[in-house]
2 protein chains.
Amino acid sequence: MTSPPAADRQSHRSGPLLDHLARRVRLRAETVLVPLGLRPRHLVALTVLRAQGGCSQQSLAATLEMDGTNIVGLLNELETGDLIARRRSPEDRRRHIVELTLAGTDLLCQAECAMAAAEDEVFGALDQAERESLYALLSKAATGSEIPCAAADPTAESAAFCAAADHD
Amino acid sequence: MTSPPAADRQSHRSGPLLDHLARRVRLRAETVLVPLGLRPRHLVALTVLRAQGGCSQQSLAATLEMDGTNIVGLLNELETGDLIARRRSPEDRRRHIVELTLAGTDLLCQAECAMAAAEDEVFGALDQAERESLYALLSKAATGSEIPCAAADPTAESAAFCAAADHD
DNA sequence: TATTGTTATACTCTATAACTATA
DNA sequence: TATAGTTATAGAGTATAACAATA
């Protein structure tokens, strides 16, 4: 039974919509982040690092579902800007523990502020309550799909986007 | 008033989440669409074409927020597979009216079916009601942000994703 | 002259394979 | 031998500029 009950949902495919909207946001993000010297994927990486507090590069790669080799270049750029720091894990010297620096935390904050304007443009059709709902749903989908192997691995590659979510 | 009330929303940035989830869906979409000879952007283009019913290439470019030059190659691929057809507009012979073929309509249907499995994997943390909510919000955001110049241009570059939305 | 579509080209993003060091 | 990280390289995606046809 490789095909689950996909009967009625045929007319409700979110994939293309998600792709389209993500593209719209990303195009605008590229623009608003230029003054900060950042690009969209930098923002995603910084967000994850803030949420996880510090993790190995492979853990980061797993969370972002990016190839490990691309993580290297990405972190190199962030390290050049002194936004993150790499340090050897004392337990396993093969590992690099990646963490946000103070400068990184600060810049991430500025970037999120800049992103607000970009998102306003794309989500203009949604009122504040709807945007909150959207955020909650996206948040749940994102964190839920990364939890499966959380208990098994102490490297903490789960609940990446969760920490920044709703804790008020 | 270039900076709207972006005070409290600082902790609710949907951008990175959207980017991340779209990536997850796209990665899986690439896999499930291979047997059909399609790629994610083909699916998006076919979806728009079905919704719009037929439009110029520039209209398509505007809807997808893609560069017009990339539309050419994209349509070439779809035309090779006989999924779309180009015909000169009788009113303005500079324009190519792009339309879905029967084969294209059929394959799109199959593709959507295949996508269901991919989306199930990414949205596993959401129940059916939540997925419907998510779809509705994404749909509203996507269509709302393309409506602005709808009344002015009869080329119909608006309401692209809307037609496929909720009409039950 | 302006617009639609096209081609050619360069730039960025991403993935694959081979290498170094640690375990 | 297996794993974490790195490097080099090739492929796909995307944007910029110049061109042909039509208005």
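Within every chain, numbering begins at 1; the chains are lettered A, B, ... in the order of the sequence lines, protein sequences first and strands thereafter. As a basis for the values below, the full set of heavy atoms in this structure was taken, side chains included, without hydrogen atoms, waters or symmetry mates.
- With a heavy-atom cut-off of 4.0 Å to chain A, the contacted part of DNA chain C has its first and last nucleotide at dT12(C) to dA23(C).
- Taking atom NE2 of residue H96(A) and atom P of nucleotide dT7(D), one finds them 10 Å apart after rounding to whole Å.
- Hydrophobic clustering (side-chain heavy atoms under 4.5 Å, transitive across Ile, Leu, Val, Met, Phe, Trp, Tyr) groups M66(B) together with L75(B).
- Projected onto DNA chain C by closest heavy-atom contact, P90(A) and D67(A) fall at different nucleotides, the more 5' of which corresponds to D67(A).
- Here the side chain of R88(B) pairs a donor or acceptor atom with the backbone of R93(B) at under 3.5 angstrom.
- A straight line from CZ of R26(A) to C1' of dA15(D) spans 13 Å, rounded to a whole angstrom.
- Taking 4.0 angstrom as the limit, R86(A) places a side-chain polar atom (N or O) nearer than this to OP1 or OP2 of dT6(D).
- As judged by a 4.0 angstrom heavy-atom cut-off over every strand, R39(B) is placed among residues touching the sugar-phosphate backbone only.
- Across the protein-nucleic acid pair, L74(B) atom CG and dG13(D) atom P stand 10 Å apart, rounded to whole Å.
- In this structure, OG1 on T105(B) lies 8.5 Å from CG on L46(B), to the nearest 0.5 angstrom.
- Regarding N70(A), its CG atom lies at a distance of 13 Å from the P atom of dT7(D), rounded to whole Å.
- Note: CZ (R41(B)) to C1' (dA12(D)) measures 8 Å, nearest angstrom.
- Remark: Q58(A) is in phosphate contact with dA4(D), judged by side-chain N or O atoms under 4.0 Å from OP1 or OP2.
- Base engagement by T69(B) is indicated by at least one non-hydrogen atom pair under 4.0 Å involving a base atom.
- Of the possible polar contacts, one joining the E130(B) side chain to the D127(B) backbone as a donor-acceptor pair under 3.5 Å is found.
- With hydrogens and angles ignored, the 3.5 Å screen pairs a side-chain donor or acceptor of T101(B) with a backbone N or O of L83(B).
- Panel note: side chain R28(B), backbone R24(B); a donor-acceptor pair is recorded below 3.5 Å.
- Between E91(A) atom CD and dA4(D) atom P there is a gap of 14 Å when expressed in whole angstrom units.
- Positionally, the nearest nucleotide of DNA chain D for G68(A) lies more toward the 5' end than for the other of L27(A) and G68(A).
- Look at R93(A) and you won't find any side-chain N or O under 4.0 angstrom from OP1 or OP2 of dT3(D).
- Projected onto DNA chain D by closest heavy-atom contact, R94(A) and D92(B) fall at different nucleotides, the more 5' of which corresponds to R94(A).
- When atom types are taken as modelled, the side chain of E119(B) and the backbone of S14(A) share a donor-acceptor pair closer than 3.5 angstrom.
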